[in-house]
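First up is the structure itself, then whatever we jot down about it.
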Amino acid sequence: MSTEPGSGTIRVLVVEDHAVVAEGLSALLNEHPDLEVQGWAATVADAVRAAGERPIDVAVLDFWLPDGNGVDVAAGIREIQPEVAVVFVSADDSDQAMIAAIEAGASGYLIKTATGQEIVEAVVRAAAGEMLIPASRLHELLSRSREVTRQRSDRAQALESLTTREREILDMMSKGLDNREISSRLNIAYPTVRSHVRKVLEKLGARSKLEAVVKAAAAADTDSTDTSPPTED
C-alpha cells in the first residue's frame, strides 16, 4: 500500500447511502493526486461485496446505513482485507457512535461539517497507519462512557431495591394518582401510602414524585440499547 504523497495510489472505497454526499466525497478525494476512489457502496452488503471484488487501502464510512452501520462494514471488510484503514465521516457526533467506531479499529472519526482538506488529510494519514484520534480525546470519551455506565447501574440497582408494594405505588404515581387515590386503589391506610412514597423517593434519590417517575423510567431503559439510526444523517 502506498502511503507517501507522490509514491503511488491510495485506493479508497466510499460507503455512504446518500448519493449526493457520496458523489461529493468521491469527487473531493479523486482531486488529490495520490487518491483514487475505487467505488461507492450505499449499504453494508454492497460495501463488503465491493471489498471482495477489488483491493482497497482506505474505507471512508458513514456511520448509519440502511442495513446496519459502519462498524458492520469495518468488520466485514477486514475479514476480506485485514489491512484496510477505516475513516468515519458521519453526522452522528455522539459518544456512543465514536466509541463504537474506535472499538471497530477506526483510524479517524470526522463529522460531516469537516472541511474537504480535513477529510483528504485524514484519508492520506490513515493510509500511512496514523491514528487520528488524539489520546486526550480517547481518554475523555472513555471517561464519559464509564460515568454514564456507572450512573445507569446505580439507577438500575435503586429500582431493583424497591419492594413489590413500592413498585405498585411507583406505577400508580407514574399514572398521576395522588396518595389518597393510591390508598383507595390498594385499600391501605393513607399514612401507609405516604410512608411508602417517602421510601420510594429515598431509594431512587428523588426529591419529588415526578423526579422519581423519571428516574425509574430511565432505570428501566438501562438494559435496552438503541441501535436504530437517527432520522437524519
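By the neighbour-count criterion of 12 heavy atoms within 6.0 Å, atom CZ of R54 is densely surrounded, having more than that number from other residues, nucleotides or ligands. With a 6.0 Å radius and a threshold of 12 heavy atoms from other residues, nucleotides or ligands, R167 has its CZ atom above the threshold. By the 6.0 Å contact criterion, CD on E53 is enclosed, its count of non-hydrogen atoms from other residues, nucleotides or ligands being greater than 12.
When only modelled atom types and interatomic distance are considered, D92 and S90 share no side-chain donor-acceptor pair under 3.5 Å.
Under 4.0 Å is where a charged nitrogen must lie from a carboxylate oxygen, and between K209 and D178 no such pair does. Ion pairing between a basic and an acidic side chain is recognised when a charged N comes within 4.0 Å of a carboxylate O; E211 and K215 show such pairing.
Judged purely by atom type and a 3.5 angstrom limit, N179 has no side-chain atom pairing as donor or acceptor with the backbone of V193. Not one N or O on the side chain of T43 forms a donor-acceptor pair closer than 3.5 Å with the backbone of D67. Put simply, the side chain of D95 never gets that close to the backbone of M98: no donor and acceptor are under 3.5 Å apart. Not a single donor-acceptor pair under 3.5 Å links the side chain of E23 to the backbone N or O of V20. In this structure, the side chain of S26 engages the main chain of A22 through a donor-acceptor pair within 3.5 Å. Formation of a donor-acceptor pair under 3.5 Å by the R78 side chain with backbone atoms of G105 is found in this model. A donor-acceptor contact shorter than 3.5 Å links the side chain of D72 to the backbone of N69.
By the salt bridge (charged side-chain N to carboxylate O under 4.0 Å, His left out) test, R165 is found to be paired with E168, residues two or more places apart in sequence or in another chain being considered.
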Checklist entry - Run the side-chain contact (heavy atoms from CB on, under 4.5 Å) check on E83 and D57 step by step: do they pass? => result CA-CA 7 Å; E83 300 303 316; D57 301 311; over 6 Å; no

Item to check | Intermediate values then yes/no, side-chain contact (heavy atoms from CB on, under 4.5 Å), D34 and V124 | outcome: CA-CA 8 Å; D34 296 319; V124 173; 5.7 Å; no

Item to check | Verdict with supporting geometry, D171 and K175, salt bridge (Lys or Arg N to Asp or Glu O under 4.0 Å) | outcome: CA-CA 7 Å; D171 180 60; K175 295 174 181 175; 3.2 Å; yes

Next on the checklist: For a side-chain contact (heavy atoms from CB on, under 4.5 Å) check, start with the C-alpha distance between D62 and V15, then their side-chain angles and the critical distance, and finish with the verdict.
Outcome noted: CA-CA 6 Å; D62 191 3; V15 184; 6.0 Å; no

Checklist entry - Are V89 and L61 close enough, and set up right, to give a side-chain contact (heavy atoms from CB on, under 4.5 Å), and what steps lead you there? => result CA-CA 6 Å; V89 179; L61 315 177; over 6 Å; no

Listed pairs under 3.5 Å, donor-acceptor, residues 199-206 side chains, sequence neighbours left out:
from : atom 1 : to   : atom 2 : distance (Å)
K203 : NZ     : S161 : O      : 3.0
K203 : NZ     : E166 : OE1    : 2.9

Which pairs of donor and acceptor atoms, one on a side chain in residues 35-42, lie under 3.5 Å apart (sequence neighbours left out)?
from : atom 1 : to  : atom 2 : distance (Å)
E36  : OE2    : Q38 : NE2    : 2.9
W40  : NE1    : E16 : O      : 2.4

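Under the 4.5 Å side-chain criterion, counting only non-hydrogen atoms from C-beta, V58 is in contact with V87. Residues I119 and L25 form a side-chain contact, since some pair of their non-hydrogen atoms from C-beta on lies under 4.5 Å apart. Counting only heavy atoms from C-beta outward, the side chains of L159 and L162 approach each other to under 4.5 Å.
Expressed to the nearest 0.5 Å, how far CD1 of I77 lies from CG of L13 amounts to 5.5 Å.
Within the structure, every pair that satisfies the ring pair (Phe, Tyr, Trp, His ring centres under 6.0 Å) test and touches residues 106-132, not counting sequence neighbours, is listed here: F88-Y109. Counting only residues at least two apart or on different chains, no ring pair (Phe, Tyr, Trp, His ring centres under 6.0 Å) pair has a member in residues 159-186. Sorted by first and then second residue, the ring pair (Phe, Tyr, Trp, His ring centres under 6.0 Å) pairs involving residues 181-205 (not counting sequence neighbours) form an empty list.
Hydrophobic clustering, with ILVMFWY side chains joined whenever heavy atoms are under 4.5 angstrom apart, groups W64 together with I111. At a threshold of 4.5 Å between side-chain heavy atoms, the hydrophobic network of Ile, Leu, Val, Met, Phe, Trp and Tyr places V197 and V214 in two separate groups.
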